[in-house]
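Worksheet: one structure, shown below.
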Number of protein chains: 2
Amino acid sequence: MEQDSSAAYLRARSLPGQRVTPQRLLLLGLIRRAQGHVDADEIYRRARERNPHISLSTVYRALRLFKKMGLVEELHFNEEHHHYEVKPPSQHYHMVCMECGKVIEFLSPLIGRIVEEVNREYDFTVTGGEVSLVGYCQECRSQETRTEAKLDE
Amino acid sequence: MEQDSSAAYLRARSLPGQRVTPQRLLLLGLIRRAQGHVDADEIYRRARERNPHISLSTVYRALRLFKKMGLVEELHFNEEHHHYEVKPPSQHYHMVCMECGKVIEFLSPLIGRIVEEVNREYDFTVTGGEVSLVGYCQECRSQETRTEAKLDE
DNA sequence: AGGCAATTGCGAATCATTAGCAATCGTGAA
DNA sequence: TTCACGATTGCTAATGATTCGCAATTGCCT
């Protein structure tokens with residue numbers, strides 16, 4: 001089952017000395033099966049359903065490790081906290097609705113072209129990246145109940 | 001002088017009831033003249049040189065206001081804190097070197113094409129966005145002293 | 001000039017994330 | 001298979017960035 005395949009997966013890309021623990025297996029499994037991006041707290045919440053004693057520190061440590069191992073990608077939306085997703089579920093990018101917060105994923109061959117261009121023009125070796133567009137989705141655009149929030153209120 | 005032009009600039013786009021204060025003028029002036037992106041702490045440091053009593057809260061409040069007014073753009077790099085820059089100094093994007101942290105700005109007409117594509121394909125009205133590529137710059141790529149930092153060390 | 005609401009400064013609060021440390025548990029060698 | 005050592009965990013406390021609460025100021029409209 002998935003636990004096993006994660007174990008092999010993890011072990012295969014571990015650096016020497018790195019251990020495969022049940023916590024890491026659980027967390028990686030959760031992120032893998034979480035169709036899309038999740039934040040640390042969501043992962044923590046789901047992990048506790050399976051292992052009520054798991055610690056938030058462990059979640060953060062695992063995320064940091066997975067990121068360093070290249071297994072997951074850290075995303076920076078408009079918010080104060082980060083989101084994570086397995087990498088690469090094919091290179092895709094995000095579009096966030098400023099009204100309802102919905103995140104739509106998209107992909108475009110043009111992005112590969114941009115990366116090439118940057119590599120060439122600026123002599124920079126691009127290893128990853130993020131494209132986050134913001135705007136309004138169709139639903140939110142149609143309802144004119146766009147209550148403009150004042151700053152201090 | 002710049003103070004005055006900023007005053008006119010600010011007043012012109014203020015909502016009714018919004019005030020033009022010396023603090024806001026100072027802060028906006030600093031961001032405008034800060035060729036490129038700066039973070040809140042850097043702005044605070046520079047602002048104190050001119051007004052030692054200015055408060056960090058005021059800096060954050062002004063940034064939030066300027067962002068809401070559309071005067072500055074908030075950038076999310078790999079870090080825990082945000083960066084800001086005046087908007088739009090022409091639509092451009094960023095490339096961060098993972099080794100030395102240098103940020104290179106670039107622009108590409110392809111990005112406009114992506115936005116159009118997204119608008120069309122997903123019925124999403126894009127109002128802004130961010131493209132952050134990461135990789136290694138030429139200098140860091142050449143020095144093979146790429147000391148790989150272990151996670152816990 | 002005068003008054004009221006917007007803004008400031010300060011300190012404390014909050015939120016996400018990280019660090020310290022003793023107890024535990026994978027794992028490679030015997 | 002067992003052992004021992006070091007990697008990892010789970011606490012809890014610390015940190016760093018950002019926001020809040022509130023009394024004191026101060027733009028700005030009349």
Margin query: Closest approach to the side chain of E80(B), judged atom by atom: which nucleotide of dG20(C), dT18(D), dT17(C) is it?
Written below: dT17(C)
Checklist line | Proximity to the side chain of S55(B) - top-ranked nucleotide from dC10(C), dC20(D), dT17(C) | finding: dC10(C)
Margin query: Expressed as a whole number of angstroms, how long is the span from R61(B):CZ to dT25(D):P?
Written below: 16 Å
Margin query: Rounded to whole Å, how long is the line connecting atom CZ of R48(B) with atom P of dC10(C)?
Written below: 11 Å
Check: Are the side chains of H37(B) and H94(B) in touch, meaning some heavy atoms are under 4.5 Å apart?
Finding: yes
Checklist line | Proximity to the side chain of V20(A) - top-ranked nucleotide from dT27(C), dC10(C), dT18(C) | finding: dT27(C)
Check: When the distance from OH of Y60(B) to P of dT8(C) is rounded to whole Å, what number comes out?
Finding: 16 Å
Notebook entry, point to check: In whole Å, what is the span from the CG atom of L65(A) to the C1' atom of dT18(C)?
Noted result: 15 Å
Margin query: Using a strict threshold of under 4.0 Å (side-chain N to carboxylate O), is an ion pair present between R45(B) and E42(B)?
Written below: yes
Notebook entry, point to check: Is it the case that R48(A) places NZ or CZ above or below the six-membered ring of Y44(A), under 6.0 angstrom from the centre and within 45 degrees of the axis?
Noted result: yes
Next item on the list: Measure distances between side-chain N and O atoms of R11(B) and base N and O atoms of dG27(D), and say whether any donor-acceptor pair falls under 3.5 Å.
Entry: no
Item checked: Position toward the 5' end of DNA chain D (nearest nucleotide), H82(B) or Q23(B) -> H82(B)
Item checked: Atom pair distance, as rounded to whole Å: CG in D39(B) and C1' in dA17(D) -> 10 Å
Note to self: Checking contacts here: which listed nucleotide (dG10(D), dT18(D), dT18(C)) is nearest the side-chain heavy atoms of L56(B)?
What the structure shows: dT18(D)
Check: With under 30° as parallel and over 60° as perpendicular, where do the rings of H81(B) and H83(B) fit, or are they tilted in between?
Finding: tilted
Next item on the list: Assess whether one donor atom and one acceptor atom, taken from the side chain of S57(B) and the base of dT8(C), lie less than 3.5 Å apart.
Entry: no
Check: Which is true for I54(A) with a 4.0 Å heavy-atom rule: it touches a base, it touches only sugar-phosphate, or it touches nothing?
Finding: sugar-phosphate
Margin query: Can you tell me which nucleotide in dT17(C), dT7(C), dT18(D) comes closest to the side chain of R24(B)?
Written below: dT7(C)
Next item on the list: Report which part of the nucleic acid T21(B) touches: base, sugar-phosphate, or nothing (heavy-atom distance under 4.0 Å, all strands).
Entry: sugar-phosphate
Next item on the list: State plainly whether the residues R120(B) and E117(B) are in salt-bridge range, i.e. N to O under 4.0 Å.
Entry: no
Margin query: Can you work out whether T58(B) or G17(B) has the more 5'-proximal nearest nucleotide on DNA chain C?
Written below: G17(B)
Item checked: Parallel, tilted or perpendicular, as decided by the 30° and 60° cut-offs, for the rings of H82(B) and H76(B) -> perpendicular
Check: Quick one: R45(B) CZ to dG16(D) P, roughly how many Å, whole number?
Finding: 13 Å
Checklist line | Nearest-Å distance for atom pair NE2/P, residues H83(A) and dA16(C) | finding: 11 Å
Check: Which one, dT18(D), dC25(C), dT9(D), comes nearest to the side chain of R19(A)?
Finding: dC25(C)
Next item on the list: Please report, rounded to the nearest Å, how far the P atom of dT17(C) is from the CZ atom of R64(A).
Entry: 12 Å
Checklist line | Closest listed nucleotide, where the reference is the side chain of H81(B) and the choices are dA16(C), dT18(D), dT8(C) | finding: dT18(D)
